[in-house]
Each structure stands twice: as C-alpha cells, then as structure tokens.
Number of protein chains: 2
Amino acid sequence: MARSDQTQTAVLGALSIRPMTGYALREGIRSTLGNFWSESFGQIYPALAELERAAMVERRGAKDTRSSTFAITQAGSARLRELLSDPPQPSKPRNALMLRLFFGRQLGVDACRDLVLQARARAEVQLTELTSARAELEGQSLGEDSPFVLITVLAGEHGARATIAWADEALNELSALEEAALEGDGTPPRAHIPSTMEQS
Amino acid sequence: MARSDQTQTAVLGALSIRPMTGYALREGIRSTLGNFWSESFGQIYPALAELERAAMVERRGAKDTRSSTFAITQAGSARLRELLSDPPQPSKPRNALMLRLFFGRQLGVDACRDLVLQARARAEVQLTELTSARAELEGQSLGEDSPFVLITVLAGEHGARATIAWADEALNELSALEEAALEGDGTPPRAHIPSTMEQS
DNA sequence: AATATCATGTAACATGTTACATGATTGG
DNA sequence: CCAATCATGTAACATGTTACATGATATT
C-alpha cells in the first residue's frame, strides 16, 4: 500500500514549501535536504501517483506552458502533520566507514589513516557548504520555514566539526599505534598505552 | 548472488575477532557495533550459508558439546581484507529527526522542542555508555583489535557531544521563535522577508 | 539540426525486516 | 517438568536503487 510513509512525508513536506514538479522535487531534496535525506525517482513518482489518488496532492497548470506542478491539498497538509507527529523511527545505522575502522587490524594502519583523512576532508567541505548555506538563510529563500531549516543546518555544522575533531584524535591514535609497532620490533602493535611493553 | 557485500563484511569481520555461532554473531553486532551497524537474523544466516558454500567460513566442533561455531578460514580472511579495502560507499542518509525539524513549521514549535529534548537525552545516555565502554577497552577484551575499536568509540563520543551542544542551540532558537511569535501578536512568526508565495 | 536538460514513468533487481516454525539446552 | 534462552532457518513482505524507455523543451 503506502509505499513508505517516510517518502510520503518528505514529498508532502517539500510540497508544503512550494508546488513543484516531480523532477524539481528530487532536485530540491538532493540539494536542500541532501545532508540528511535522499529519495530516488523510483520512489518519488509512485509516491506522487499514490498521493494524487488519495487527493493529497493535485496537479496545477495542467497543459499550460511548461509542465504541471504538484501542489499539496488540504487533506495533504493534514496528512503531513499526522506523519510528522508520529515518532521518528531511528533508522538502523550502517556506517561503512566505522565498520572498516572497527576491523582496522585486518585493513592495516595506513589504509585506516587514508579513510580517516578522507572523512576529515569531506567534513571540511561540508562545513564550508553549510556555513554558506546558513548565510543564505539569513536572506529570504524559505520564508517562515527558515528558522527550522536553520536548526537542521546547525546540526550539520556541529556534526561536521565533531567529525573533524574526531579525525584528528583518530590520526593521533593511529600514529601512536605505528610507533608502538616499530618499537615493538616485529611484534604486532600493542594498544595505545605506552606502559611497559617489552617485546617477546 | 552475494547477499550484500556489506553483510558479508560485517560477518567475516566479527568472525575475525573470534569464532561464534550465528546467534552470538547477531548479539555481538548489536551490542558492540550497535552504534553504527546492525544486522538481522534474516541476513546473517543466509550470509553464513553462502560463506560456508564458498569455504570462507567453516563450522567448528560439529556435534560436540554445545552447538557448532562458525570460524573464518584463510580464504575468508583474504576476502575480508578485500572487502574492507574497497571504498566505503556512504549510505544514503535518512535522518527522520531532521526531516521532522526541517518541516517544523508544520509540526509546531512545541513538538519540535520535544523531539530535540528526546534527542538530547538519547545522546546523554549514549555518551555515558560509550565512556564506560572506553574504560572497559583499557582492560583487555578485544586484544589487538582494541586500538581500532577505540577509534570508533571516540567517534561515537564526539558525535554524542555534538548532538548535545546542537540540541542546546536548537532549543534556544525555538524559544526565540516562540517569543517572536508572542510579540508579533497572533500572526505567525515571520522570518525576515514578506516574500511572494502566491499559489492558486 | 544537435545536444543538453527537464520531466515522467516502469521493470528488474537488490536489500532488509518481521513473523513464524522448529528444536536443543539450561536453570529453577 | 517448565520456562527462558540459545540456535537455526525461511517465507512474506517492505523498501529502495538502477537502468532503461520515452518524449518535451530549451540552448547553441
């Protein structure tokens, strides 16, 4: 039936900001919610079709100039508020980076360092993007939605800064690990405590 | 074919630490990797079956005392290193909390505050759990895997602290928003610009 | 005219969860 | 003995991505 409540929520939510084509919906979600949400065409169009059948969205400007946009209806707004109200089910986490680091002993210290450095670089980029996004927000773009959008942008910034700080700490750990390995001769790297570790 | 490389990675990785039953595998993943990974029985058992067929894991102690455990083979270790080596594909983000806050205007300020407070509380709990997990790590439990596990624990701690800091900021924003609404009479809180959002 | 982008959709596949069935072992 | 937990598995379903097909509109 309901091809995912989650997708419906995102679609109705986006349309609550302004009417859009399905295509623009995907673009908007990617560019604006990209840091914490994603939808593919394969979900958006079926979702729109279903919502239209349920009279929660309707097409506007049918064969007018360009193509028709989808607009949220009253029933749709009600449904959206309903969907937003039920508790956010925390999605099962699947962090491929952490999985690799967790089994870092198999992967090797150097590869781990690369991964951490890449993550750090991504976080830096994200941070500058978000900071400029916040600047834009001071402008106009989203009207009354702005304060709420700001809150999500702030979350992204905090997250990015946390990633950067973590990365630096992780790099230290990895270096310490390597040094310990060198000192310890051929013996495998011991944990991070200097302590008294005579080899063999 | 391969019922998810990701699941295979997690299963082989866990077995690289020590041999386990499928049941223990699931428990171990939930308790140890829980903060950034999850697998269900419906994935683990088929994955184990397939890995056994490919001779990457084997059963140990068949009808001995308790039940048989699965152990990683040489081929399995090689495969694991292979899997860990290819780049972590960043999973498409789906943060239900942020989605709700983003559309917070529809949800209402009070409900948003509740959500933020809940998130903050979860982060607090997580932080204390991770801190004690780190203390345990100073002990022995995971041997040579410890330093790598530590890195992932640190990531969790940084993340949790970031969530807490963000939550406090977000709560301030929400309060400010409410005050602005009160001052502004019955009119809904204005962002900054009147804007022209005529539809219909 | 040719190319790029906008736009809508679908089918095949990949992935993942839930609920159920089944039985062994263990502790009270 | 009975209940709880350990243990293995499967089938039905839910969800989600990718690749493709199709055509309109806009740009050069």
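All figures in this text were calculated on a predicted structure; none of them were measured in a lab.
Take the nearest nucleotide of DNA chain D for B:Lys92 and for B:Phe70: the residue whose nucleotide is more 5' is B:Phe70. Along DNA chain D, the nucleotide nearest to A:Phe41 and the one nearest to B:Ala24 differ in position, and the one closer to the 5' end is contacted by B:Ala24.
OP1 or OP2 of D:dA7 sits under 4.0 Å from a side-chain N or O of B:Thr21.
A:Tyr23 has its OH atom 8 Å from the C1' atom of C:dA7, to the nearest Å. Rounding to whole angstrom units, CZ of residue B:Arg30 and P of C:dT17 are separated by 13 Å. If you measure from atom CG of A:Leu48 to atom C1' of C:dT10, you get 15 Å, rounded to the nearest angstrom. The distance from atom CG of B:Asp5 to atom P of C:dG16 is 10 Å, rounded to the nearest whole Å. Look at OH on A:Tyr45: it is 18 Å from P on D:dA19, rounded to the nearest Å. When the C1' atom of C:dT18 is taken as reference, atom CD of B:Gln43 falls 12 Å away, rounded to whole Å. Between A:Arg26 atom CZ and D:dG16 atom C1' there is a gap of 12 Å when expressed in whole angstrom units. In this entry the distance linking CE of B:Met20 with P of D:dC6 reads 15 Å, nearest Å.
A pairwise comparison of heavy atoms in B:Phe102 and A:Phe36 identifies CD1-CZ, 3.7 Å as the closest pair.
Among the protein residues, B:Arg94 comes within range of the sugar-phosphate backbone only, with heavy atoms under 4.0 Å from sugar or phosphate atoms but none that close to a base.
With salt bridges taken as basic N to acidic carboxylate O contacts below 4.0 Å, none links A:Glu39 and B:Lys92.
The side chain of A:Arg59 has C:dT8 as its nearest neighbour among C:dT8, D:dT8, D:dG16. The side chain of B:Pro46 lies closest to D:dT10 when the candidates are C:dA7, C:dT17, D:dT10.
Considering only residues two or more places apart in sequence or on other chains, B:Tyr23 meets the ring pair (Phe, Tyr, Trp, His ring centres under 6.0 Å) condition with B:Phe41. With sequence neighbours excluded, no residue satisfies salt bridge (charged side-chain N to carboxylate O under 4.0 Å, His left out) with A:Glu169.
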